[in-house]
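Computed over heavy atoms, backbone and side chain alike; hydrogens, waters and symmetry mates excluded. As the structure is a computational prediction, the values presented were derived from the model and not from experiment. First listed ligand is number 1; within each ligand, the first listed atom is number 1.
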Amino acid sequence: MSGQSAVALQRQFEVRPLTTKIFSWGRYPKSAHQFVHKPAWNDQIQDILRAAAPGSLLPHGLGRSYGDSCLNAGRQLIDCRRLNRILGFDQASGMIRCESGVSLSDIIDVVLPKGWFLPVTPGTRFVTVGGAIANDIHGKNHHRAGTFGAHVRQIGLHRSNDGLVTCSARENPDMLAATIAGLGLTGVIAWADVQLKRVAGPWIDADLVPFDSLASFLDLSRESDGQFEYTVAWLDCFAGTNPRGIFFRGNHAADQGKDFHPQRGPKLPFALPGWVLNRHSMRAFNAAYYKIHTWRQGPAVVPFDSFFYPLDSIKQWNLAYGRQGFLQYQCVIPETEVAAFEEILDRIAKSKMGSCLGVLKQFGSAPPAGMLSFPRPGLTIALDFAMRGERTLKLLQSLDEVVRQSGGALYPAKDARMSPDMFQASFPKWCDFFRYIDPKMSSSLWRRVMGPQ
Ligand SMILES: Cc1cc2nc3c(=O)[nH]c(=O)nc-3n(C[C@H](O)[C@H](O)[C@H](O)COP(=O)(O)OP(=O)(O)OC[C@H]3O[C@@H](n4cnc5c(N)ncnc54)[C@H](O)[C@@H]3O)c2cc1C
C-alpha cells in the first residue's frame, strides 16, 4: 500500500488534493495541506494510517481551535466529520457512545428532549467529540465538573502500529490519559463513551451581576461557586487594571412547560475589512455591551443556547476580524498571583490593542483528566486580538513573560505562536507524553513547540 499513488488513494478514501487552504477558527496561520482524507467509515482509518509516512497525519474536527493545533502545514489531515454516527444511547443511565466526528450540537439535539445534557460544554456547540477530547475542553462549570475528559469513560483509538485499541480506566489507562488533551497526536479517536448529565429541560435560571473591579469579580466568584453550577464573566479590557464586566451565573431550571425555539441568527458572508474592528469601535462596543447588560442585570429564565453559546448566534463571526485573522490568548494564572493578572491587563491597556471578547473564569481544583490538560486552579482569561503583524505578536510575547513568571500556562487550543520554552513550562509532563505519540502523527503546533520532526 505504501507505494500507492495519490490518485489511487483519492479514489479509495476520497483524498482531496488541497487547492483551498484549511483554516482554523482564528484564520491565522494560513496553511496549505498536501491532502485531506475524508473517511466516511472507521474501518477506512487503518488503511490511511498504514499508507502514511511517519509524522505525516493529523486528525481534524470542526476546526474550532483558534491557532495551529488542528493544522498540519504541508502534510495531511484526516477530516473526521463524516464519522458522525451516534452508536448507542442508554436513556436510563445517560451513557452515550458516538463516533468522534459527532458534534456536541448533534448530541444536544438528540439527548436534550430526553432530559440529558452535556457534562461539560465550551462556548460553542460546533465542536466534535474528538476535538473536545483532544483538547480536554472546559466550560462554565469547571469548578463543579472539571473538564470534558473527566466524563469520558472509554474510547476506541486507532493506532498505526496496534490497530484499534480500547482505552478506559481499566484497559490502557495511560493511553487514555495521554489521549485526553493529547492534541490529536496519540492516534485517531474512533468512538467514545461519554457520561451525560440529567437536566429538567432546555432552560437556565440565570443571573447577571455587573462588577467594577477585579476584587469584586473574585468576591462574586467565591460567593457564586457554591450556589451556581455555571459561572463566567465578560470583561471590558479597555477599562485597564481595575476592569469592569458582567458576571453570568446559572443553574439548570425546572421544566418551564413552554415551547423552546432554538436561537437562529445571521451569517457573516465574507471577511470584513480589517479596519472595521479598530480600538475605537471595540471600545464603543464594550461600553454598549456593559451598559445593556447592566440594564438587564438580575435573575431571568433564559434558553440554554443563549446562555452557553451567545457567539453561535452569528455564524462565521470570526470573519469580523478581516482577512488577516485574529489570535486568541488564553492563559491561566495561579490564584495567589493576582498582581500578575493585573500586570497582564495593564500591558493590554497600554498597548491600545484591546479586544471585544474578554472572558474571565476561576477554575476549580479538579485533578487534570489528561497528561497535558490545560485547566488548573487559578484565574483564566481569554482575549481576542486582531492580527496586526509584529505589533500583535510582540504584545502577546510580553504577556507570555508575565504568565511564565507567575507559574501559569497557555492553552494550546487557542494558540498559534507560543515558544517551545513557554509550552514546556506550561506542560511539565511533555517528556512523559512523548512515548504515547503515534509515529504517523504530527501537527503544526507540535513542530513549532518541539522543533522540526
Ligand atoms: C466560539 C468558540 C468558543 C470556544 N469556547 C471554548 C471553551 O469555553 N472552552 C474550551 O476548552 N475551548 C473552547 N473553544 C475551543 C474548542 O472547544 C476546541 O478548540 C475544540 O477542541 C475544537 O474542536 P473541533 O472539533 O473543532 O476540533 P479541531 O479544532 O478541528 O481539532 C482540535 C484538536 O482535536 C484533534 N482531533 C480532532 N478530531 C480528532 C479525532 N477524531 N481523534 C483524535 N484527535 C482529534 C485535532 O488533531 C486537534 O488537535 C472555543 C472555540 C470557539 C470557536
Side-chain angles (χ1 to χ4, degrees), residues 22-27 36-37 39 42 45 49 57-72 75-84 98-106 118 120-142 146-149 152 155-159 167 178-192 230 232 308-318 326 328 330 332 357 359-361 363 370 372-375 380 382 384 411-416 438 441-446:
I22 294 274
F23 294 110
S24 59
W25 192 247
R27 299 169 65 80
V36 179
H37 302 267
N42 255 306
I45 303 269
L49 292 178
L57 293 169
L58 181 73
H60 187 82
L62 276 159
R64 260 27 180 218
S65 299
Y66 283 71
D68 58 359
S69 67
C70 61
L71 302 177
N72 200 14
R75 304 190 188 187
Q76 303 180 18
L77 292 174
I78 304 177
D79 180 342
C80 296
R81 286 176 303 170
R82 290 166 73 192
L83 307 175
N84 60 357
C98 51
E99 290 184 333
S100 63
V102 170
S103 73
L104 299 190
S105 182
D106 292 337
L118 300 165
V120 168
T121 181
T124 173
R125 56 196 278 172
F126 301 115
V127 314
T128 61
V129 168
I133 296 173
N135 275 321
D136 195 18
I137 57 164
H138 57 271
K140 298 175 176 59
N141 60 351
H142 183 267
T147 54
F148 192 85
V152 173
I155 60 169
L157 182 68
H158 291 287
R159 300 267 302 169
C167 309
T179 301
I180 295 174
L183 301 167
L185 298 168
T186 62
V188 182
I189 300 165
W191 53 264
Y230 301 104
V232 76
F308 289 116
Y309 316 117
L311 288 168
D312 286 348
S313 65
I314 303 177
K315 296 195 179 63
Q316 298 187 176
W317 62 262
N318 55 337
F326 67 109
Q328 186 164 98
Q330 182 166 3
V332 55
L357 190 98
V359 177
L360 188 56
K361 158 101 193 136
F363 279 146
L372 302 185
S373 290
F374 162 72
T380 183
D384 289 346
Y411 190 13
K414 310 292 181 75
D415 181 64
D438 188 295
M441 301 294 163
S442 182
S443 73
S444 295
L445 177 136
W446 196 245

What atoms in ligand 1 come closer than 4.0 Å to a heavy atom of Leu58? 47 (O)
From atom 9 (N) of ligand 1, work out which of Lys361, Lys414, His138 has a heavy atom at the shortest distance. His138
In terms of atom number and element, which parts of ligand 1 are under 4.0 angstrom from non-hydrogen atoms of Ser100? 41 (N)
Provide the number and element of each atom of ligand 1 under 4.0 Å from a heavy atom of Ala413. 19 (O)
Give the residue and atom name of whichever protein heavy atom lies nearest to atom 11 (O) of ligand 1, and the separation in Å to one decimal. Tyr411 OH, 2.7 Å
Ignoring angles and geometry beyond distance, decide whether Ala132 reaches within less than 3.5 Å of ligand 1 through its nitrogen or oxygen atoms. no
Top protein contact for atom 8 (O) of ligand 1, by heavy-atom distance: Gly123 N, 3.1 Å
If you look at every heavy atom in Val120 and Gly146, which pair is closest and at what distance? CG2-O, 3.5 Å
Of all the heavy-atom pairs spanning Cys70 and His60, show the shortest one and how long it is. O-ND1, 2.9 Å
Trace of the side chain to side chain donor-acceptor pair (under 3.5 Å) decision for His158 with Asn42: CA-CA 9 Å; His158 291 287; Asn42 255 306; 2.8 Å; yes
Which residue owns the protein heavy atom closest to atom 46 (C) of ligand 1, what's the atom, and how far is it? Pro59 O, 3.1 Å
Contacting atoms of ligand 1, where contact means under 4.0 angstrom from a heavy atom of Asn135: 18 (C), 19 (O), 20 (C), 21 (O), 32 (C), 33 (C)
Atom 44 (N) of ligand 1 sits nearest the protein heavy atom Gly184 CA, 3.4 Å
Identify, for atom 29 (O) of ligand 1, the protein heavy atom at the shortest distance, and state residue, atom and that distance. Ser65 OG, 2.7 Å
With distance as the sole test, does Ser24 use its side chain to make a donor-acceptor pair with the main-chain N or O of Gly67 at under 3.5 Å? yes
Nearest-option assignment for atom 2 (C) of ligand 1, heavy atoms, candidates Tyr66, Phe374, Trp446: Tyr66
Between Tyr66 and Trp317, how do the two ring planes meet: parallel, tilted or perpendicular, split at 30° and 60°? tilted
Using 0.5 Å steps for rounding, measure from the OG1 atom of Thr147 to the NE2 atom of His142. 5.5 Å
Enter the distance from Thr179:OG1 to Ile133:CD1 here, rounded to the nearest 0.5 Å. 8.5 Å
Could you tell me whether Trp317 and ligand 1 have an N or O pair separated by under 3.5 Å? no
Could you tell me whether the side chains of Ser105 and Tyr309 share a donor-acceptor contact shorter than 3.5 Å? no
Please state which option from His60, Arg64, His142 has its nearest heavy atom closest to atom 51 (C) of ligand 1. Arg64
Lys361 side-chain N/O to Lys140 backbone N/O, donor-acceptor pair under 3.5 Å: yes
At what distance is the nearest protein heavy atom to atom 7 (C) of ligand 1, and which residue and atom is it? Pro122 CB, 3.4 Å
For atom 53 (C) of ligand 1, which protein heavy atom lies nearest, and how many Å away is it? Trp25 CD1, 3.3 Å
Please confirm whether Ala382 comes under 4.0 Å of ligand 1, counting heavy atoms of the residue only. no
For Phe148, is the nearest heavy atom under 4.0 Å from an atom of ligand 1? no
Mind checking whether His138 and Tyr411 have parallel, tilted or perpendicular rings, split at 30° and 60°? tilted
Taking 4.0 angstrom as the limit and counting only heavy atoms of Val188, give me the atoms of ligand 1 inside it, by number and element. 42 (N)
Is it the side chain, the backbone, both or neither of Lys140 that has a heavy atom closer than 4.0 Å to ligand 1? neither
Do Leu104 and Ile137 have side chains that approach each other closer than 4.5 Å (heavy atoms only, starting at C-beta)? yes
So for Gly139, does at least one of its heavy atoms come nearer than 4.0 angstrom to any atom of ligand 1? no
Which atom of Cys80 lies closest to which atom of Val188, heavy atoms considered: SG-CG1, 4.1 Å
Is the shortest N/O to N/O distance between Phe126 and ligand 1 below 3.5 Å? no
Kindly say whether Pro310 contributes a backbone atom to a donor-acceptor pair with the side chain of Ser313 at under 3.5 angstrom? yes
Taking non-hydrogen atoms only, is Val127 closer than 4.0 angstrom to ligand 1 via side chain, backbone, both or neither? both
Can you pull out the closest protein heavy atom to atom 49 (O) of ligand 1? Residue, atom name and distance to 0.1 Å, please. Leu183 O, 2.9 Å
Indicate yes or no: does an N/O atom of Thr121 lie under 3.5 Å from an N/O atom of ligand 1? no
Please report the interatomic distance CG(Leu185) to CG(Leu372), rounded to the nearest 0.5 Å. 8.5 Å
Could you give the distance from CG (Asp312) to OG1 (Thr124), rounded to the nearest 0.5 Å? 3.5 Å
Looking only at heavy atoms, is any part of Ile189 under 4.0 Å from ligand 1, and if so is it the side chain, the backbone, or both, or is it neither? both
